Each structure stands twice: as C-alpha cells, then as structure tokens.
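Worksheet: the structure to be examined is printed underneath.
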Amino acid sequence: MIRKYTFGTPIPTDAVVLSLPAETDPVPFFTLSQSGKQMTLTRKLSPEDCLFGLGESVRGINKRGFLYRSWNSDVFNHTESTESLYSSHNFLVFFGPESCFGIYLDDPGRITWDLGYTQTDTAVITSENGDLDLYVLEEDSLTELARAFRRLTGRSYLPPRWAFGYIQSRWGYASEQEVRTVAGEHRKHGIPLDGVCLDIDYMDNFKNFTWRKDAFPDLNRFSADMKKEHIRLIPIIDAGIKEEPGYAPYDSGKAGGFFCKKEDGTDFTAAVWPGVCCFPDFMREDARRWFGSLYTPLLEAGVEGFWNDMNEPALFYTEERVQEAFRRAEELCGGNVDYEAMWGLKNAFNGIENNPEDYRSFFHSADGQPVRHDKVHNLYGASMTRATAEAFRRFDPDKRFLLFSRSSFIGAHRNGGIWQGDNFSWWSHLKMALQMLPNLNLCGFLFSGCDLGGFGCNVTEDLLARFLQLGVFMPLMRNHSALHTREQEIYRFSSLDIMRDTVRVRYALLPFLYSEFMKAALTNGMYFRPLAFDYPEDRRAVHTEDQIMLGEGCMIAPVLEQNAVGRHVYLPEDMLMIRFRSPEDYDLIPLDRGDHWIDLSLREFPLFVKKDHPVLLCPGGESTELLDDHIFTAVCRTDREVTYDLYRDDGSDPDPVLSQHLTKAVLPADAACSSAVPGVAISSLVL
Ligand code: GLC
C-alpha cells in the first residue's frame with residue numbers, strides 16, 4: 001500500500017511515475033511538526049529496528065546511528081564522517097519486530113536524517129523546504145517494499161549488454177595513441193575488455209563536446225577502429241559550459257537563454273575544469289533538448305556510452321567568493337595574525353569551493369517561474385542525466401546506450417546508472433563500496449559500481465586484486481584512477497595473472513550475471529540486497545554488514561582486509577561455495593548453515609549459492625561480443641532435477657519483454673548422482 005501526503009507546494013521532480021491522490025488523514029508511524037517552512041517527522045526506534053535505504057551514503061548497510069544530509073556534494077576526500085555524498089536518495093525503510101514500512105520524501109532540497117544520532121532511540125527527519133510529497137509505503141516484507149517503491153518511481157535503467165564488460169579508465173589518457181596502447185596491452189595480456197573511458201583530457205581545454213584535434217585527430221575513425229576490436233570509447237561530459245564567445249555550445253546556449261540566471265537576470269558563472277562556466281538550466285525542457293542535441297556529433301561518431309560528471313553541480317569558485325577571500329587576506333596582510341584571524345583566513349579560502357552562498361545565488365525556471373537553486377539543488381545531476389537519456393531516445397529509440405552519472409536523485413534510476421564518486425585506494429572504501437550496493441539497489445539504482453582500485457591515492461597490488469574480486473559481481477565493472485596517482489591498469493602489476501583470471505571469471509559468469517540483473521530490473525526486484533531481505537527472521541543475517549545477496553540465489557562475501565588469508569562467513573542456510581581462482585579452476589564445497597572460516601589466498605574469491613539454484617559458467621572470451629552464451633557448465637547444490645531460466649536478449653532492445661527471452665536450463669537429476677562432489681550437480685549444457 002502506498003499513501004501520499006502533500007505539504008506546501010511541491011516542485012515537480014519527475015521522480016514519481018504513479019499518480020496518487022493526496023491523503024487527508026494524519027501521516028502514520030510518525031509525529032509531525034512544523035516550524036516555519038521546515039517539516040519534521042519523528043519516530044521512536046525499538047532496539048531491534050534496522051534502517052535500510054538512503055542509497056549513496058557512507059557507513060553501514062543499516063543506516064542507524066548517524067546523521068546524513070541530502071545535499072549533493074562534490075566530496076573528493078570523503079570518509080565515514082561525511083554526511084553528504086554526490087547523490088540524494090530519500091527513501092528509507094524501517095524494519096523491526098513491529099515495523100516494515102518505508103518513506104520517500106520527494107523533495108529536491110536539503111533534508112537531514114538524524115537516525116539515532118542525537119538520541120539513539122529516535123529518528124528525526126527534517127525537510128528544510130517543507131514543500132514536498134511524502135509517500136508512506138507499507139508491505140508485508142522488505143522485498144515487497146522494494147517492489148512497491150519501484151512501482152512508484154518506475155523501472156530501473158537497462159544498460160546495453162556490452163556495458164557489463166570490463167571497462168578501463170584513468171584521468172590522464174591524453175591521446176588516441178595512449179588509449180590504443182592501453183587497449184592493446186589488455187588484448188596482449190589476455191585481459192578481457194569492453195570499454196575505455198575518455199576523461200576530460202580528450203577535450204580541447206576541457207570544454208564539453210570538443211576534442212583535441214592534435215591528440216585525437218579523427219574520432220570517427222578511432223571509434224570505428226576500437227569497435228573492430230570489440231572495445232567501446234566512453235567519453236566524459238561535464239555539466240558546465242565554458243563561458244567563451246565563439247565556442248559553439250556557449251553561443252547556442254547563450255542565444256537560447258538556456259543558462260541558470262542570477263537574481264539580476266545575468267548568467268550565473270562559476271569555475272570548473274575549463275575555467276569560468278555557465279550552467280544549463282536542465283529543469284527546462286527546451287534547455288534539456290538543446291544540451292542533449294550537443295551529444296549528436298559524438299553519437300554520430302559511433303559513441304554508444306557516456307559518463308556525466310561534475311553535476312552536483314561542482315563549483316570550484318565564483319568571482320564573489322575569490323574576491324571575498326582576497327579581501328580577507330589583504331586586511332590581515334602585514335599585521336600580527338592571531339589564531340582566530342588565521343582560521344578565518346583559512347576558512348575563507350577553503351570555502352571558495354562549493355559554497356552554500358553560491359548555491360543560493362542563482363535560479364532555475366520551472367514552468368516559467370523562477371526557483372532558487374538551493375530549493376531544487378539535488379535535482380541537478382538527475383536532470384542532466386534526463387537530458388542525455390532523452391537525447392539518446394531521440395537519436396535512436398531502438399537502442400540502449402550506456403550512461404552513468406556522478407550525481408543523481410530518485411528518478412534518474414530510470415535513465416542511467418551511477419558510480420560511487422571519488423573513492424580512495426583504501427581498504428575502508430572497499431568495504432564502503434560493498435555496503436552501498438544494496439542500498440543503491442533499494443533506491444532503484446541497479447546499474448552501479450565504484451572506481452575499482454580506488455580513484456585517489458596510490459593503490460597497492462593486493463587492494464586492486466581484492467577490489468576486482470568485488471567488481472566481478474558489480475554491474476558496472478570499471479577500473480578508474482586519478483591523475484598523478486599510481487597507474488593501476490592490471491597489466492602493470494606482477495600479479496597480473498591473478499587479476500586477469502579474476503576478470504576472466506567475470507566474463508565466464510557474464511551471461512548468468514546479466515540474466516540475474518535483467519530479471520531483477522524487469523520485475524522491479526533487486527540485484528543486490530541486504531541479507532535481511534531473504535532472512536528476516538534470522539537476527540544474525542539481518543545484522544550482517546559485510547556480506548550481501550546477489551540475484552535470486554547467490555550471496556557474496558569478499559575479502560575486505562589487507563594481508564588477510566581468508567575470512568569468516570555466516571551462512572544463513574546450507575549453501576554451495578564456489579571458490580574461484582579462474583574460470584577453469586574453482587572448488588565446489590557444500591557448506592552447512594552457520595559460521596565458517598574460509599581460506600582465501602589473494603587469487604581466490606568465493607560465491608555462495610543457495611540449494612537448488614544453479615550457477616552457469618560459459619567459456620568466456622575477450623569481450624562480451626565474443627562470448628559464447630550457448631555452452632555452459634552448470635553447477636548446483638541439489639539432489640534432484642533443477643531448472644534455471646536464463647535471460648538472453650540482443651543486449652540492446654530498450655523495452656524487452658521478460659517472458660520472451662527466457663531459456664530453460666535443465667540440470668538432470670542424474671547430474672547430481674554422478675558428480676565428483678557429493679550433493680553437487682555438475683552438468684554441461686548447450687542452450
Ligand atoms: C571528477 C570525477 C573523476 C574524474 C575527474 C576528472 O573528480 O569524479 O572521476 O576523473 O573529475 O574528470
């Protein structure tokens with residue numbers, strides 16, 4: 001059951017697809033209070049209550065015990081104390097002995113989620129805008145709650161099948177030759193590869209929709225050559241358009257009046273990578289259409305995937321903030337600077353970037369009415385994603401394109417995926433990536449991943465290996481790193497063979513993982529889930545923070561610590577462990593419900609599978625296009641005949657019908673009897 005409550009005059013966000021009448025009775029489950037415009041929901045928590053949701057946010061799978069803020073932020077240096085990340089996903093589920101319900105605040109402004117932080121037994125949720133639609137969802141189970149939320153907000157984005165391949169990326173690939181070398185090294189070393197991202201270095205002075213003709217002379221030819229190798233180029237596009245008369249996107253944006261304005265009607269400007277930029281008003285349909293049209297030359301050059309970045313939007317500085325800091329410095333110059341003044345000075349310079357004052361200083365136009373940016377701040381990245389997705393649909397309505405964005409809001413999950421932003425090469429960020437995945441799925445973002453190996457800092461070889469082992473199961477499997485950090489392409493390391501085999505396992509599992517993903521997406525289900533969804537009665541499972549469910553019957557439990565030679569795993573039921581070393585070399589070990597220590601050397605990683613749930617492995621290949629998804633080895637812990645519905649489509653149809661693409665894989669009963677591992681069926685299948 002979904003109930004809607006309207007407060008004030010909400011600004012349309014495009015997050016919800018279901019039209020419901022607003023209720024007039026009091027909001028259930030919460031005490032409601034209003035102070036000025038602010039609206040606050042308060043609820044006592046029982047000791048056993050768990051809170052799931054909030055998609056992209058730091059800390060645990062269970063969000064209880066911290067204070068989070070919905071305020072999309074460019075936070076390069078985020079840690080577990082960071083209250084806001086790049087996206088705001090305002091869906092939270094309360095699950096406990098007395099509760100199984102969710103709330104969604106369709107509000108693009110600032111929201112504070114004090115989830116047992118100020119008082120451990122109380123959740124206090126405050127909307128600063130106070131103009132919002134509040135949805136209360138009530139179902140019998142967590143799984144049904146997730147489904148109901150997707151009914152409310154629409155089907156998750158479907159990427160093309162090639163996007164499930166391995167993608168190599170690095171900020172700093174500065175020429176066509178360099179990209180060709182990176183791709184060539186992957187092929188030379190037998191590391192499967194489906195895409196290479198082009199970061200801002202491909203652009204002419206970091207200007208969107210341009211490219212450096214000296215370093216990338218012929219994009220059409222380059223893209224075509226790479227495609228012959230079954231490798232796609234995936235260029236980055238940033239939100240800001242450089243303010244530079246004579247630069248075509250600026251000129252057309254200016255002529256159309258498509259940029260966000262200051263109160264005096266002039267264009268708002270702030271610096272990002274190319275210098276001072278204007279910011280498209282993505283809330284306007286005509287501005288989205290104009291911005292989307294700028295992708296056309298790249299699409300015509302054969303590009304089939306993009307990543308949208310800096311769309312919180314990130315503001316490096318505005319002229320006002322810089323002047324203010326200089327003024328402060330001049331005032332103090334030559335004087336005896338005391339402690340307080342020194343901090344004031346430091347803060348003035350630190351505060352130049354992403355300053356709240358700047359976010360209050362410009363306006364959008366919603367149905368012709370000016371809306372101050374901070375009221376709708378969290379919509380910006382989602383609206384950019386919408387502009388891009390709309391452009392794809394206009395360019396080729398019969399095809400799926402790859403799109404992932406840094407910033408997002410609920411609703412963007414229909415148009416693209418997201419990556420988790422600028423993580424670091426830290427073990428703690430490996431764990432954070434794992435913990436974020438189920439909550440992203442709960443909020444509809446099935447196609448997601450993190451920068452494997454970590455974006456900032458220097459990666460260590462073992463950390464990259466362990467990141468990749470988690471990446472095997474992430475829909476978006478991208479290795480990405482920052483300029484000036486240690487180069488982290490797999491082939492640069494002495495344990496290249498270990499990492500190559502890890503990526504090869506991904507390709508062997510790819511038809512199966514793709515099948516699991518598509519089935520989840522097309523049934524409004526979840527590809528990753530907290531264990532609580534499958535084992536709501538099992539207290540241990542409900543509170544497990546370092547293992548997650550995958551697809552219909554799998555669970556993953558990656559190694560998350562340096563120098564570990566294994567890890568403890570809790571099995572909520574009898575399962576089969578597949579301990580991978582390569583697609584050809586793996587152990588099949590039936591394990592009973594309970595606690596287990598699992599030996600996992602650096603080259604090993606496990607997949608746990610429920611009884612009677614087959615896993616299918618294909619022979620693999622160097623790209624998704626070269627995979628043979630007709631021949632499989634199927635493994636399953638069972639003592640009877642079992643079947644698996646393998647989802648296969650052309651990998652490109654934007655609106656596939658689930659039932660039309662299922663092939664029944666049957667593992668005969670005798671496969672279980674004749675197997676070398678008692679209780680485990682191993683069967684070769686041709687489908
Ligand atoms: C931002 C992005 C990062 C990218 C960099 C340069 O930090 O998050 O992925 O590499 O900008 O474009």
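Note that ligands are numbered from 1 as they come in the structure, with each ligand's atoms numbered from 1 the same way. Since this is a predicted model, take the numbers as computed values, not measurements.
- Near Ile236, with a cut-off below 4.0 Å to any heavy atom, the atoms of ligand 1 are 12 (O).
- Counting heavy atoms closer than 4.0 Å to ligand 1, residue Trp273 contributes side-chain atoms (C-beta onward) but none from N, CA, C or O.
- Atoms of ligand 1 lying under 4.0 Å from at least one heavy atom of Trp419, given by number and element, are 8 (O), 9 (O).
- Of the possible polar contacts, none joining the Asp374 side chain to the Pro356 backbone as a donor-acceptor pair under 3.5 Å is found.
- Shortest contact from atom 7 (O) of ligand 1 to any protein heavy atom: Asp422 OD2, 2.8 Å.
- For Asn308 and Thr388, the side-chain atoms include at least one donor-acceptor pair closer than 3.5 Å.
- The protein atom (non-hydrogen) at minimum distance from atom 5 (C) of ligand 1 is Trp171 CE3, 3.9 Å.
- Using a distance-only test at 3.5 Å, with no hydrogens or angles considered, a donor-acceptor pair links the side chain of Asn423 to the main chain of Asp451.
- Comparing heavy-atom distances from atom 4 (C) of ligand 1 across Asp199, Leu198, Asp74, Asp201 singles out Asp199 as nearest.
- In summary, the atoms of ligand 1 found under 4.0 Å from a heavy atom of Arg406, numbered by their order in the structure, are 1 (C), 2 (C), 7 (O), 8 (O).
- Scanning the protein heavy atoms around atom 1 (C) of ligand 1, the nearest turns out to be Asp309 OD2, 3.1 Å.
- Salt-bridge check for Lys261 with Asp267: passed, with a basic side-chain N closer than 4.0 Å to an acidic carboxylate O.
- Residue contacts with ligand 1, taken as heavy atom pairs separated by less than 4.0 Å, involve Trp307 solely via side-chain atoms from C-beta onward.
- Under 4.0 Å is where a charged nitrogen must lie from a carboxylate oxygen, and between Arg414 and Asp14 at least one such pair does.
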Take Phe404 and Phe447 through the test ring-ring contact (aromatic ring centres under 6.0 Å, His included) and record every step on the way to the result. CA-CA 8 Å; Phe404 53 99; Phe447 190 75; 7.1 Å; no
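- A salt bridge between Arg289 and Glu390 is absent, with no side-chain N of the basic residue lying under 4.0 Å from a carboxylate O of the acidic one.
- Each of the following atoms of ligand 1 lies closer than 4.0 Å to a heavy atom of His480: 3 (C), 4 (C), 9 (O), 10 (O).
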